[in-house]
Q: 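Before we start, here is the structure in question, set down as structure tokens.
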Amino acid sequence: MTSAARLPRAFYAVDAVTLARRLMGRHLVRLDADGSRRVGRVVEVEAYLGVNDQASHAFGGRRSPRNEAMYARPGTGYVYFTYGMHHCMNVVCGEEGVPAAVLLRALEPVEGLDHMRDQRPRARRDTDLCNGPGKLCAALSIDRALNGLDLCDHPYLFLEPGTPIAASRLARRPRVGLGDAGAWKDKRFCWYIRGHPCVSRP
DNA sequence: CGGCCGATCAGCT
DNA sequence: GCTGATCGGCCGA
């Protein structure tokens, strides 16, 4: 355990590129009914910049019940269901009413690995528990019921300061899995820890 | 290890 | 109807 203080609202009230860098090394904490903790250290993220970003769910100002959380205040969690079977979690940033967010793509398991393994029975190695956006949501039992949650004031899901990451270990590359996102698909808006075994594409 | 493919469904055209 | 901010099984090298 590294820290008990959850990150404040101001931490999230920045643009998506800044928040992407800031989130690296932080701890995503999931408390359970019995008080036990599942904790993962953020090792890979992607920034989605907003209405001008062709890869964003809010491109062109799109707004629907599905992505409504992107328009909420910074520190809100945007959890959506995709491919008919997976959930992905974003952290909303910037200012309220302006859709921008950072997708959590991979975590390094830190605490509660037994519980994570229960939720991810197919994972052969512990490095496979949270090495993808759908996998980390499964490992931490994050689903649509949590969409729109306030990470600054939620009883069992939030972020803690965690441990910093040396700048020399930080790398960036184009985002993963985008279809035709025009010029935006090649922008290097994915950050990850170079050589880390828990990133989705080492 | 890399590529292909099926699962499964919400949102969009 | 089709596609997707995915995953895991199966195939071949």
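Because the structure is predicted, anything quoted here is derived from the model rather than measured.
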Q: Is any side-chain N or O of Arg66(A) closer than 4.0 Å to OP1 or OP2 of dC12(B)?
A: no
Q: Between dC12(B) atom P and Asn67(A) atom CG, what is the distance in whole Å?
A: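 Rounding to the nearest Å, CG of Asn67(A) and P of dC12(B) are 7 Å apart.
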Q: Using the side-chain heavy atoms of Arg122(A), tell me which of these nucleotides is nearest: dA5(C), dG8(C), dA7(B).
A: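 Minimum distance to the Arg122(A) side chain belongs to dG8(C).
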Q: For dG12(C), which nucleotide in any strand shown is its Watson-Crick or wobble partner with both distances under 3.5 Å?
A: dC1(B)
Q: Closer than 4.0 Å, any side-chain N/O of Arg120(A) to the OP1 or OP2 of dC7(C)?
A: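 No, outside the criterion.
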Q: Tell me the closest heavy-atom pair linking Arg105(A) and Leu136(A), and the distance in Å.
A: C-CD2, 3.7 Å
Q: Categorize Arg201(A) for me: base, sugar-phosphate, or nothing, with a 4.0 angstrom heavy-atom threshold over every strand shown.
A: nothing
Q: Which nucleotide wins on minimum distance to the side chain of His86(A), given the candidates dT8(B), dG8(C), dC7(C)?
A: dC7(C)
Q: Taking the side chain of Phe81(A) as its heavy atoms from C-beta onward, which of dA7(B), dC9(B), dA5(C) lies nearest to it?
A: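 Looking only at heavy atoms from C-beta outward on Phe81(A), the closest nucleotide is dC9(B).
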Q: Closest-nucleotide mapping onto DNA chain C: is Val176(A) or Asp128(A) further toward the 5' terminus? I mean the 5' end.
A: Val176(A)
Q: So does Lys135(A) get a side-chain nitrogen or oxygen closer than 4.0 Å to the phosphate oxygens (OP1/OP2) of dG8(C)?
A: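 Result: yes.
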Q: Do any N or O atoms from the side chain of Glu44(A) and from the backbone of Ser200(A) form a donor-acceptor pair under 3.5 angstrom?
A: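 Checked: pair present.
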Q: Output the single nucleotide from dA10(B), dG4(C), dC12(B) whose closest atom is nearest the side chain of Thr82(A).
A: dG4(C)
Q: Say whether, by atom type as modelled, one donor and one acceptor occur between the side chain of Arg26(A) and the main chain of Gly162(A) under 3.5 angstrom.
A: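 No: the side chain of Arg26(A) does not pair with the backbone of Gly162(A).
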Q: Using purine N1 to pyrimidine N3 plus N6-O4 or O6-N4 for Watson-Crick, or N1-O2 and O6-N3 for G-U wobble, each under 3.5 Å, what pairs with dG4(C)?
A: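 Partner of dG4(C): dC9(B).
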Q: Is Tyr80(A) stacked on the base of dA5(C), meaning ring centres closer than 5.5 Å and planes within 30 degrees of each other?
A: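 Per 5.5 Å and 30° rule: no stacking.
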Q: Is it the case that the side chain of Arg22(A) and the backbone of Phe11(A) share a donor-acceptor pair, with hydrogens and angles ignored and the cut-off at 3.5 Å?
A: yes
